[in-house]
Amino acid sequence: MADPAGPEASDRLLTGSGSAALAELAERLQHLAITQGVTVGTAESCTGGLVGHALTAVPGSRAYYLGGSISYADRRKVALRGVAATTIDRHGAVSAQTAVAMAEGLRERIACDLAVAVTGVAGPAGGSAAKPVGLTYVAVAGPAGHQVERHTWDGDRAANQEWSAEVALTMLIAALDGGRP
């Protein structure tokens, strides 16, 4: 099936300026995680594995990155990550509560020190008045608790995914640089 956004969209995802930013952030995260002896996991929805891809593109990532999961369907968020069905029923799949539950659930399941979760509406369709295209929640969970951020991007699908992945890596770095989780 052809990519409705055209071949340029997927090329941007792999070779655009955002990729350089993701690579830089992934290298910085790797240095901090290895130096501090911290392990990391990723729970992704709208980014489709982009965060995990950025981490594993850096040689040596196995020293700290334990893995992750990608779940688009709500029932998979419940089954794979331990998100309570009532959380999705009450708040929706794209919510701060679901992002936190995804991060905490993955952290528990793979026994990593820090887990990041991304859930959102990447676009171009799927948005609503309450949850527009570009709305994304990113959460980091760690031994000291969790932190969640809400963002509303205005780019195309690839840009929204890249910006969300950048936030995920930035939040992990902040947690290792003395941030809360």
Side-chain angles (χ1 to χ4, degrees), residues 13-14 18-85 87-88 93-120 122 136-151 158 160-181:
L13 195 58
L14 298 174
S19 295
L22 289 176
E24 229 176 85
L25 290 168
E27 287 174 7
R28 184 164 174 219
L29 175 63
Q30 177 171 304
H31 172 75
L32 289 168
I34 291 172
T35 301
Q36 296 177 29
V38 172
T39 57
V40 172
T42 55
E44 299 182 68
S45 184
C46 67
T47 48
L50 186 56
V51 179
H53 173 73
L55 298 179
T56 59
V58 179
S61 58
R62 83 174 59 225
Y64 77 99
Y65 180 60
L66 299 185
S69 68
I70 304 166
S71 299
Y72 253 49
D74 293 351
R75 69 182 186 280
R76 300 314 308 156
K77 288 178 177 81
V78 172
L80 293 175
R81 302 207 188 105
V83 176
T87 299
I88 293 175
V94 179
S95 66
Q97 295 84 351
T98 297
V100 169
M102 287 168 57
E104 289 177 345
L106 183 81
R107 185 172 177 266
E108 224 173 80
R109 281 178 163 63
I110 69 169
C112 61
D113 299 310
L114 288 176
V116 66
V118 186
T119 185
T136 305
Y137 290 91
V138 182
V140 173
H146 65 266
Q147 179 180 352
V148 64
E149 290 185 6
R150 178 187 192 275
H151 296 273
N160 293 342
Q161 290 174 319
E162 282 190 15
W163 292 331
S164 297
E166 284 182 27
V167 168
L169 294 175
T170 300
M171 287 178 70
L172 286 167
I173 290 166
L176 291 172
D177 265 348
R180 203 177 71 197

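With sequence neighbours left out, H31 forms a ring pair (Phe, Tyr, Trp, His ring centres under 6.0 Å) with no residue at all. With sequence neighbours excluded, the residues that form a side chain to side chain donor-acceptor pair (under 3.5 Å) with E149 are H151.
When T39, V58, T56 are each tested for a side-chain contact (heavy atoms from CB on, under 4.5 Å) with Y65, only one passes: T56. Evaluated for a side-chain contact (heavy atoms from CB on, under 4.5 Å) with C46, the options V94, T119, I70, T136 yield exactly one hit, T136.
For the atom pair CE of M171 and CG of L169, the computed distance is 11.0 Å after rounding to the nearest 0.5 Å. Interatomic distance, M102 CE to T42 OG1, rounded to the nearest 0.5 Å: 9.5 Å. Atom CG of L114 is separated from atom CZ of R107 by 7.0 Å, given to the nearest 0.5 angstrom. The OG1 atom of T35 sits 9.5 Å away from the CD atom of Q30 when rounded to the nearest 0.5 Å. How far CG of L29 is from CG of L172: 5.5 Å, rounded to the nearest 0.5 Å.
Side chain of Q147 to main chain of V140: no donor-acceptor pair is present (N/O by atom type, distance under 3.5 Å, no hydrogens or angles). Listed for the Q161 side chain is no donor-acceptor partner under 3.5 Å among the backbone atoms of L50. Under a 3.5 Å cut-off, the side chain of S45 and the backbone N or O of S71 do form a donor-acceptor pair. Using a distance-only test at 3.5 Å, with no hydrogens or angles considered, a donor-acceptor pair links the side chain of Q36 to the main chain of L176.
The closest side-chain heavy-atom distance from L106 to V116 is not below 4.5 Å. Contact check for S19 versus E162: side-chain heavy atoms found under the 4.5 Å cut-off. Using a 4.5 Å heavy-atom threshold, the side chains of Y64 and D113 count as separate. By the 4.5 Å heavy-atom criterion applied to side chains, R28 and D177 are counted as neighbours.
Heavy-atom minimum distance, A103 versus A139: CB-O, 3.9 Å. N160 and A122 get closest at one heavy-atom pair: ND2-O, 2.9 Å.
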